[in-house]
Amino acid sequence: MSIEHMNQKLRVTGVIDVVVTETVSDGDGGWVRSIRIFGPAGTSAPAVLEVVLGSAEKDSINIKTPELEF
C-alpha cells in the first residue's frame with residue numbers, strides 16, 4: 001500500500017474498500033461528509049486516507065459518479 005503526493009493529487013494503491021458517508025450538519029450551520037479509503041486491513045482498521053468535505057451549502061458536497069454502487 002502506498003500514498004503518493006502528485007501535484008494536488010493522491011494515488012492510493014492496495015485499496016480494499018471506499019466508504020462515502022452521509023452528509024450531516026457540522027453543528028455550525030454547515031454540512032460535512034467524508035470519503036474514507038481502506039487498505040488491506042479492511043474496514044476493521046482505521047482508514048488509510050479520509051477526506052472530509054465541508055460546505056455552507058449541502059448540495060455543494062453531493063457526490064456524482066457514473067457508477068451507482070455506493
>> Quick test of your reading: applying salt bridge (charged side-chain N to carboxylate O under 4.0 Å, His left out), list the pairs with at least one residue in residues 49-59, sequence neighbours left out, ordered by first then second residue.
In response: Arg36-Glu50
> Between Ser44 and Ala41, what is the shortest heavy-atom contact and its length?
Replying inline: OG-O, 3.2 Å
> Can you list every pair that meets side chain to side chain donor-acceptor pair (under 3.5 Å) and has a residue in residues 18-32, with sequence neighbours left out?
Replying inline: Thr23-Arg33
> Just one of Ile37, Val48, Leu49 clears the side-chain contact (heavy atoms from CB on, under 4.5 Å) bar with Val15, so which one?
Replying inline: Ile37
> Would Ile35 end up clustered with Val12 when hydrophobic side chains under 4.5 Å apart are linked, directly or stepwise?
Replying inline: yes
>> Using 0.5 Å steps for rounding, measure from the CG atom of Leu53 to the CD1 atom of Ile63.
In response: 6.0 Å
>> Quick check: closest heavy atoms across Ile61 and Ser55, and the distance to 0.1 Å?
In response: CG2-CB, 3.9 Å
>> Working note: Val51 + Leu10, criterion side-chain contact (heavy atoms from CB on, under 4.5 Å); need CA distance, chi angles, decisive distance, verdict.
In response: CA-CA 11 Å; Val51 178; Leu10 293 174; 5.9 Å; no
